[in-house]
J.: 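Below is the structure I would like to discuss, written out as structure tokens.
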Amino acid sequence: MNDKDFILSCPIPISDYPNVLMAHGGGGKMMQQLIEKMFFAVFGNEYLAQRTDSVVLNLEKSKIAYTTDSYVVKPLFFPGGDIASLAINGTVNDLAMSGARPLYISLGMIIEEGLPMETLWRIVNSIKEKADKAGVEIVTGDTKVVDKGKGDGIFINTSGIGVIEHDKVISPYEIIEGDLIFINGDIGRHGIAIMAKREGLGFESEIESDCAPLNHVVTDLLNTGIEIHCMRDLTRGGLVSALVELSTASGYEFVIYEKDVPVREDVNGACELLGFDPMFVANEGRFISFIPEKYSDAALSILNKHGEGKIIGRVEKKNNEGVTLASRIGTKRILDMISGEQLPRIC
Amino acid sequence: MKFIDEYRDAEAVKQYVNQINKIVTGNWNIMEVCGGQTHSIVKFGIDELLPKEITLIHGPGCPVCVTPLEQIDKAIELASRENVIFCSFGDMLRVPGSKKDLLSVKAEGGDVRILYSPVDALKIAKENPNKEVVFFAVGFETTAPANAMAVYQAKEQGVKNFSILISHVLVPPAIEAILSSPSNKVQAFLAAGHVCTIMGYEEYYPIAEKYKVPIVVTGFEPVDILQGVYMCVKQLEEGRAEVENQYSRVVSRDGNKYARDIIKKVFTLSNRKWRGIGEINKSGLTLSEDYMEYNAEEKFNLNDIKVDEPKQCVSGKILQGLIKPNQCEAFGTLCTPEHPLGATMVSSEGACAAYYKYRSKEKVN
């Protein structure tokens, strides 16, 4: 969107308030105007139209999944996504990983005083677009404005409710020996995209975040009757953190085949340069699933329909070995979580 | 990826392991000097592929690990000051000083920034004329040219609010210190490929000759390291002690002339303390007379800060290859990346960190 589009389309009079003021969160007329003219105008639906303190949802008698997450990304906009795509997809994906169909999202925004109204407008529209793509509705929300310097532009919290329409149990405790470990695409892109933008690292080609909703692919997997024992989306800490968490919870050893873990060449190059290991770099549209071998063809065909499916490992015996990597050169080593953040090395 | 995949090729790895097996008859201790090589060895399990006759000893070539506690404390002192923007390579932030690390200073409100190039620190200095910007100039010959360039440009451009806290060390004096130690076990060296990219390998000829040790300039990928080991073993078995270059796709005998020139222009040789090892004569760099005004230690009068190394950390022995990380009493128990006793446990190139990350956490005897 360019400036002209913004001025024409933003319902808040731009000449009056080019930036968010404390009063926009103060509970008075200005806040009302922001909610009515911007948020309701964009998200408008039957739930918001209830105009009650809390939304009343009519869920069929079924199990529900419920989750919450906060988003504090810097920069707010990056190649392949923005804080809005994280706020929607992150919560949608957490619901999908429990085998739920995501339906309703709450939206809490903590805005830093002085945030350009245009930026807020872009984010709000992007939230709407991502919610539509994932098939969820924003049903309740909250706005606070904090003093300049007390926030990084905007922080967003979303909670989500999804319904579970099957009787399968999907959890780390369902993992058993012989399960194959699937992934739905290449790893490490989100972390490198953010890093490149934040640190002003000019790579020859722009690396785009993999940020995407995972509920559609999960629904397809479930509807095909594939027996999914466990799923986990890969976010901060990357592939390894997810694997280690699940191995610890289930008590099984996982073996990962290094040569089968998909990493794009540009991501690999950036990691080599910075001294990072792509297996620890963040993702926002990738998940691993634990599925018995007999379903592998069916699972791969669905994963390939939505992305690029790959079998990257296998569940071995129940022991305390944790996660081991069968390296490209035929050796074996442990994979463990890193203790803090990955920091770029000296040379 | 070109220049990576072919050097991580399982078939090529197997061939070199077979070749080494074919020629080895004696027991040989080979030291890889550089921490980057140590990480590669432990990460890919290269030492486990080698015949039992060959022991790889991990050397002192990790710039973070050998930076003395004293310099870390000076960095912390500077970073805690109100008017200072303290810039560093990311790797240094977790290294424990005697009381805290730079990450804690940042959490307490210090302006500590991670940079990828010292020249960026100069840019920050120009953007913040009312602040003092200090760059933590740490490293071997590899990082020296960029650090020298930042100081050179600062002087050219008349930037006064920029300085560097120096902890620059050199590889050849460290090799000589190891070789002249009575407890030395090292019989051959894999020299650090990236250091030689800058410096060339002319300066290793006198060492190879004087101490009768093979020195092979070696790269960082599994096939590089195995080829370097093969070349060392071949020399040892044949009774030769020469300088050879395995990493010829990157390193030339003369190195990078322009990089060496800028080092020579801005820096001069100096004695340096090495963490856990002690002071080694002419083993480092400091700013030459012409550039002294950019030396943070002088500028901020930090020379009074003197700190003794903690006794419980045996990183000095590890850096000299006298013991392996998992032979340390504290390994994996008292000393972990979350609660490190020494820098070798936190640096991405530290031997203890490599063992902790890629090997069992258990101590071996």
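Residue numbers begin at 1 in each chain, while the letters A, B, ... track the order of the sequences.
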J.: With respect to chain A, which residue among B:R94, B:E48, B:H39 yields the maximal number of heavy-atom pairs within a distance under 4.5 Å?
T.: B:R94

J.: Below 4.5 Å from any heavy atom of chain A, which atoms of B:K14 appear? Answer side chain, backbone, both or neither.
T.: neither

J.: Would you mind checking which part of A:K332 comes under 4.5 Å of any heavy atom in chain B, side chain (CB onward), backbone (N, CA, C, O), both or neither?
T.: backbone

J.: Please tell me if the side chains of A:L274 and B:Y116 come closer than 4.5 Å, counting only heavy atoms from C-beta onward.
T.: yes

J.: Can you tell me how far apart CD1 (B:I4) and SG (A:C271) are? Round to the nearest 0.5 Å.
T.: 11.0 Å

J.: Side-chain contact, heavy-atom cut-off 4.5 Å: A:T331 with B:V13?
T.: no

J.: Considering residues, nucleotides and ligands other than B:K126, do more than 12 of their heavy atoms fall under 6.0 Å from its NZ?
T.: yes

J.: Should we say atom CD of A:E308 is surrounded by more than 12 heavy atoms from elsewhere, each under 6.0 Å from it?
T.: no

J.: Quick one: what part of B:P337 sits under 4.5 Å from any heavy atom of chain A, side chain, backbone, both or neither?
T.: both

J.: Which answer fits A:D266, side chain, backbone, both or neither, if we ask what part of it has an atom under 4.5 Å from a heavy atom of chain B?
T.: neither

J.: Contact part of A:L335 toward chain B, heavy-atom cut-off under 4.5 Å: side chain, backbone, both or neither?
T.: neither

J.: When rounded to the nearest 0.5 angstrom, what distance separates CD1 in A:I338 from CD in B:E338?
T.: 10.5 Å

J.: In Å, rounded to the nearest 0.5 Å, how long is the span from CG of A:D277 to NZ of B:K357?
T.: 5.5 Å

J.: When you look at NZ of B:K106, are more than 12 heavy atoms from neighbouring residues, nucleotides or ligands closer to it than 6.0 Å?
T.: no

J.: Applying a heavy-atom distance below 4.5 Å, give me the residues of residues 149-156 of chain A that approach chain B, sorted by number.
T.: none

J.: Not counting sequence neighbours, which residues clear salt bridge (charged side-chain N to carboxylate O under 4.0 Å, His left out) with B:E141? List them please.
T.: none

J.: More than 12 non-hydrogen atoms from neighbouring residues, nucleotides or ligands closer than 6.0 Å to CD on A:E177, yes or no?
T.: yes

J.: Nearest 0.5 Å, what's the CZ-CD1 distance between A:R198 and B:I114?
T.: 9.5 Å

J.: If you count heavy atoms of other groups shown closer than 6.0 angstrom to CZ of A:R236, is the number above 12?
T.: no

